[in-house]
Amino acid sequence: MSITSGHSNQGPGKGPIIALSVLLLTALALGVVYVFPTVSNQGYAPDQPIPFSHKLHAGANKIDCKYCHAAVETSRHATIPSMNVCMNCHSVVKLDSPHIQNLRKHFQEGKPVEWVRVHELPDYVYFPHNRHVAKGLACESCHGEVKSMDKISQFAKLNMGWCLKCHEGVTTPKAVLARVRIEQKNPHGPIGPLHCTACHN
Amino acid sequence: MSHAESKGPELAGVVGFFSSPETLLKATQKTREAKYKHFDAYSPFPIHGLEKAQGLKRSPLPYVTFLAGLTGGCIGFGFQYWTSAINWPLNVGGKPFNSWPAFIPVTFELTVLLAGLSTVGAMFFLNGLPNIKKKAFDPGITRDKFALMIEAPPGFGQASDDDEYFDGVTPVKKKVVDTGTAFEVSSATSFLKGLGATDIKTVYNEGWF
Amino acid sequence: MDKQPSTNTETTFIPPRHWIGPEELEASYWSNPEIQERRSQEFHDKPIETLEMIEKLDTKGIARRDFLTIMGASMAMASLSCARRPVHKIIPYVVKPEEIIPGVPNWYASTDPDTGLGLLVKNREGRPIKMEGNPDHPVNSGKLHARTQAAVLDLYDVDRLKEPLAGNRQDGSRKAVAWSEADAAIAGKLQKASKVRVLTGAVHGESTRRLLKEFTGSFRAGEHVEYEPLNWEDIVEASEEAYGTAVLPTYDFSKAELIVSLGADFLGTWTSPVEHAAQWAKNRKLDSKKASSAKLSKLVTFEPNFTITGASSDERFPVRPGDELKIAMAIAYELLMVRKFSSYAGNSQITSIVQGYKTETVAQEIWKDPAISSAATAAIKQLGKELAEKRGKSLVVAGGLASRTANALSLQIATNFLNTILDNEGNTVDGTLAPVIRPSAGFAGMAKLIKDMKAGEVEVLIVHHTNPGYTLGKAVGFEEALSKVPFIVVLSDKDDETAWHADYILADHHFLENWGDGRIRKNVYSLQQPVIAPLHSTRSLQDSLLTWIRAAKLPASGLAATIAKAPDTSNKWYDYLKATWHEVHREVGSATNFDLFWEGALREGVVNLARAKGLTHSKASPRSFRAACFSKVPAYKADADSGLTLALYPKISMGDGRSANNPWLQEMPDPVSTATWDNYLNMGPATAKKMGIGQDDVVTVSADGVSVELPVNIQPGLHAGVVSAAIGYGRKKAGNVAKEAGWDVFPFLKVVNGRLVSSGTPVKVTKTGKFFKIATTQWHNATEGRPVVNDITLATFKKNPAAHNETEPELRMETVPTIWTKHEYKGYRWGMSIDLNSCTGCGACVVACQAENNVPVVGRKNVRVSREMHWIRIDRYYSGNSERPDVVFQPMLCQHCENAPCETVCPVLATVHSPEGLNEQVYNRCVGTRYCQNNCPYKVRRFNFFDHWKAFAGNMNLAWNPDVTVRTRGIMEKCSFCVQRIRDAKERVKDAGDRVKDSDIKTACQQTCPTDAIVFGDINNPESRVSHLREDERTYRVLEVLNVKPSVSYLTKVRNKEGGEGEHLAQKETSGHVTR
């Protein structure tokens, strides 16, 4: 049977419109994912139980990072200082402040202050502070200008790509780069390990 | 059979139907010899020799395929090479960083992918698809009819303000390039009749909407 | 030589040279398509939950839908990508202990009080996570065996008693009490009591012994009794009979060129296995460069059960329990009667007994099979000859639970006699200079205690660290006697079988939480110090005794009185210990003051008196033999054919069962049977065939009114009249892990003439028709006829050290052409060499690796379907016939291949090769495709099918090593060459600009191996040991023909055996297929 009309049975083609909309939506989704990455905690600045200010202690009072974060040269953790370190000064300093009184109360009761962790890597990453400090890397390179932070916030992305860029020698601070190049007698190439078990074991 | 309802004012051309592939072929040949420049033959199945008779040029599609395939291959191999040998060289199974035998499957796949997709896309484009402006003048040309249409040049029959244009100083007459036999409905009709076509009619451009 | 399977022209079947089960020696096995199909399914591609399989797996019924439940739960836990980041806390110390740096381990020296082994305990943030040997300790020199490696998990056992309990002896109910309440009640009873007994395990600590003496001395009739189920009572008693001194001598196997073991599993469970394994291995190392003059010691074993000592023997003969005496006397016959060796050849008191033990008579009585009896006769005659030649350089040892028949004392006397006439006394046997200062802790003391208890002569019984309610069985009347004691206090870590009868069950410290000292040798003082504050409300025995002395105002004398009178502290035992060490200080004659000396002793963990007094080069003197003791040796009497006799034996993983709740030990495969999780009845293949019993059939074993159901394990190499079963299982009151495992065979102990007899009981074995699939690992890794192990004789080695190393086709990995250039390994390149000659199969490496790398425990069900998780396994291959097979142990771990087939196929590159030659497994990248596991030719990759880490709930989380990722479900894992240790070693030397040397890095397996079979190091360093070993001609690589270029190489096993070039040892590898 031949078709009696010149029109086809289907309605006019919706194909192009569908194709176009799918394309647009995909583009939109990709754009969103690109603009809003889901796996970085850069800028995370939580409130702490006692509002410890690095700006005051490390900045104005010029206390060295390693005074409190003492294990950074010997251990893979930098460690949060134990309360007796705080009490080294605050047994006598600024006793009128309610925060210090709160701190002292914790100490006297034998309860540690439960700080909110800001810089955290997943369990399967083994980042060694001691190795990086040994190569002359300044704390500020990864943690930012802590001396000017009232409330600690995460300065760097701390994701693997960010770490690798430094290991490759791309974003390495100049001083460290120069030193390592001389040490390794290697003017080009990576300055840190790039194989997986350097950090994942 | 009712004649094609012409919605739009534009004239598409004059079409004549033939009864068999051979007659269509002969007609096509004669049409070309008559120096008609715009005409097209329609058939449900490919007819050997029809493109030659029609004087169709070779499609540029193979070039598209080739270039796209080449691009795909280069992207495939290049990306693998860049990641494996330059950006992050990792020793996997003792293979060298540029382990080209291992790169073969992806390279091949990307070549085929890009070539295939581009070919399909280019084919659609070259076919003028998606096409919302024209509908087939008779659905039977995909089933059991053979047709030859002598096409009107675009803008034929309309008040043309293209004959003259103003270059700012003087009106200049448009040069009419010799495009072979000029189109004229009645002469085309009679020509087709002379070729042995049946059911000759004028067709107007009909869109889908 | 044994008779070999005939290969005449008619027969077309050639059995494989190395086989795993005796079925492989039958042609019908290889031609059976069903069996071959099942065998080819390495990873069970068919669903495991077919009804037939479920019904076969366990007669008790299993939870069938565990699998689906777990799946369902996982779907519920699917997380959303847009969830808010959870808040994590970071919590510092309030006052940080000065010595703790988070992230840096501290090492403490201590001692294991049960075995006397010196320990270095690795502590992280105040908790122990790994045990290693103390290299300064003269007994174990830095090595440990499996049970001590696993001891750290006992500390964190969730089924431990957490507080003292008061028990109701009528209905068994329990009530938690405070320490003060318990102490008041106990002190009250002690004040009024005069007949008090303290029953403990063997106490090595001098200070503890002293305290116990002072405590029991404060009662009119107070006594300290010691009892250990695995004791050496017969050796000590024989020493008294033969030499007049009741000591347990120490042995030096490194001085012995010829060793005869009569049932003594000295490499595994006899006296001091770690020390003996290290000594024995010294004479088993070979250097191919000096092949033509190579010397190996020779070990000939006669034993009822198949132990790892038998497996490592050059020549082994299976005997019945009790036959060991006959063998000893046959050897004496050869020496005295045939060779007229030694002055005792003229001593009629001795010869009158010896002459009855003619070698041929003995051999023909023991072995009905003429092939074996003639081989044994020849071997014994050869022994007579060689022993006579090697005066002072041989060693005869005997004993062990499997040989403890009514004749146990006679056996030891005969052994003493042999050692005396062979001049071993003072050379390889030391009974004078540094014998083991250890009480015999034998049955004699226990028998008296039982008698006293039954007679009502005991008013208060205090029990500590011994469990006779389980280990003595009902036959001895211990439980019955307990009911006659009015007041019982048990100090224990579990509410165990003995505590069941107690009025007070006091929670005891784990040895890692307690102070103590040990004097395992006459001249070695070890210190034990706590490495963690007590986890629960527990208290040590010593603190309890001191508390009661004070509270009950007991008239104790000496130091106990002094301490008890001092101001009340909780450190009374520490003060006591320190006070007794003033005497050690004096004895050592140290020039430093006591405090410095004490600090030094704590740091070293051991005070070696011999070294301090300059006695290291002194020689022991031979003890003089009293011929009169031969009156205790019976004249020869042929045993009536009594059918099957039972031998009880301790497994190397389980011992006497005190750690039955330790999942690491339960899952450690037994070296010879490769079974996990249960005990079973070992039966020889011929016996089993005759009775129509197959592997995993459940049978009832009965004797003297005791009957136990056990599944059968077909064990090649057992005497036709012997069945054996392991003790330490079937513990219902030791915790949730222990109660699932095995069946109790202690009830088969019986008392004969006042002696506790464990073996030689005639038993009846009847089929029950039930079926219990023993979870073995042996079938999971079949070699399919490929050349995996290599063993040759000494004669062959001398001619050609590289014998049988040829691969087929001839392909040495260095010579294979490649289509691309190899990667260069500049810097470090890690490799390993394993000496098959030294590996005894003890399994210490398996447990050490598990402790170091957070390897999970999967349970019996998963072991049955090949899902055990051990990163290193000990493969066991038999060769020869199934009556007297030879054994090769081969530790198999990730070979870290240069051309790793696993790396190539990972779709996400979760496994790559490091620039130092390590095959890396990146856990967070792995998506669980398992293609790598499929591709691995060595089958060493382990996949986490489930969240096994969750099994370590509660306290057990503390046992994880924080330097190693804990893997969840869906992740592949495998040996990483202890990459965390490599990193640590590199970091330590990096800043000094040094390179890592052999002394800087030891993988966990290498560190604990008592025989140093495993050697790991930097191949790029020509000075390292592993570089030398790789050059040795004896080196071969497993499956070298595949050209995967493994970094692990093996050294061929060389046996000191005669008759080398026969078909047996020169036979090429076949898979047993029928050929034309």
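Proteins get letters first, then strands, A, B, ... in listed order; numbering begins at 1 in each. Owing to the predicted nature of the structure, the values given are computational and were not obtained by experimental measurement.
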Which atoms of [X] approach chain C - backbone, side chain, both or neither, heavy atom under 4.5 Å:
| X | result |
| --- | --- |
| A/Ala70 | neither |
| A/Val116 | both |
| A/Pro81 | backbone |
| A/Cys86 | neither |
| A/Thr79 | side chain |

Which atoms of [X] approach chain A - backbone, side chain, both or neither, heavy atom under 4.5 Å:
| X | result |
| --- | --- |
| C/Asp963 | both |
| C/Ser976 | neither |
| C/Val979 | side chain |

Identify the heavy atoms of [X] and [Y] that sit nearest to each other, and give their distance.
| X | Y | result |
| --- | --- | --- |
| A/Pro128 | C/Glu987 | CB-OE2, 4.3 Å |
| A/Asn201 | C/Tyr923 | C-CE1, 3.8 Å |
| A/His195 | C/Ser914 | CD2-CB, 3.9 Å |
| A/Asn84 | C/Lys96 | OD1-N, 3.4 Å |
| C/Pro102 | A/Ser75 | O-OG, 2.5 Å |
| A/Lys111 | C/Val94 | C-CG2, 3.8 Å |

Nearest-0.5 Å distance that lies between atom CE in A/Met160 and atom CG in C/Asn924: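 Answer rounded to 0.5 Å: 8.0 Å.
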
Distance in Å, A/Thr197 OG1 paired with C/His913 NE2, rounded so as to fall on 0.5 Å steps: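 So the gap between those two atoms works out to 10.5 Å.
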
Side-chain touch C/Lys990/A/Arg131, heavy atoms, less than 4.5 angstrom: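 C/Lys990 vs A/Arg131: side chains touch.
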
Side-chain heavy atoms of C/Val95 within contact of A/Phe107, under 4.5 Å: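 Touching, per the 4.5 Å side-chain cut-off.
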
Result of checking A/His77, A/Arg117, A/His119 against C/Ile90 for side chain to side chain contact (heavy atoms under 4.5 Å, CB included):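 Result for side chain to side chain contact (heavy atoms under 4.5 Å, CB included) with C/Ile90: A/Arg117.
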
N/O donor-acceptor pair under 3.5 Å between A/Glu114 side chain and C/Lys89 backbone: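 No; judged by distance alone, with no hydrogens or angles, the pair does not exist.
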
Check: A/Tyr126 side chain, C/Thr965 main-chain N or O, donor-acceptor pair, under 3.5 Å: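 Yes; judged by distance alone, with no hydrogens or angles, the pair exists.
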
Most chain A-contacting option - heavy-atom pairs closer than 4.5 Å, from C/Leu909, C/Ile91, C/Leu918, C/Ile101: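 Among the listed options, the one with the most contacts to chain A is C/Ile91.
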
Pick from C/Val966, C/Asn853, C/Ile982, C/Val964 with the largest number of heavy-atom pairs that fall under 4.5 Å of chain A: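 Greatest number of close heavy-atom pairs with chain A: C/Val964.
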
Any residue meeting side chain to side chain donor-acceptor pair (under 3.5 Å) with C/Asn957, in chain and number order, not counting sequence neighbours: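 Residues passing side chain to side chain donor-acceptor pair (under 3.5 Å) with C/Asn957: C/Trp960.
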
Residues that C/Ala959 engages under side chain to side chain contact (heavy atoms under 4.5 Å, CB included), provided they are two or more places apart: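 Checked C/Ala959 against side chain to side chain contact (heavy atoms under 4.5 Å, CB included); matches are C/Leu153, C/Tyr156.
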
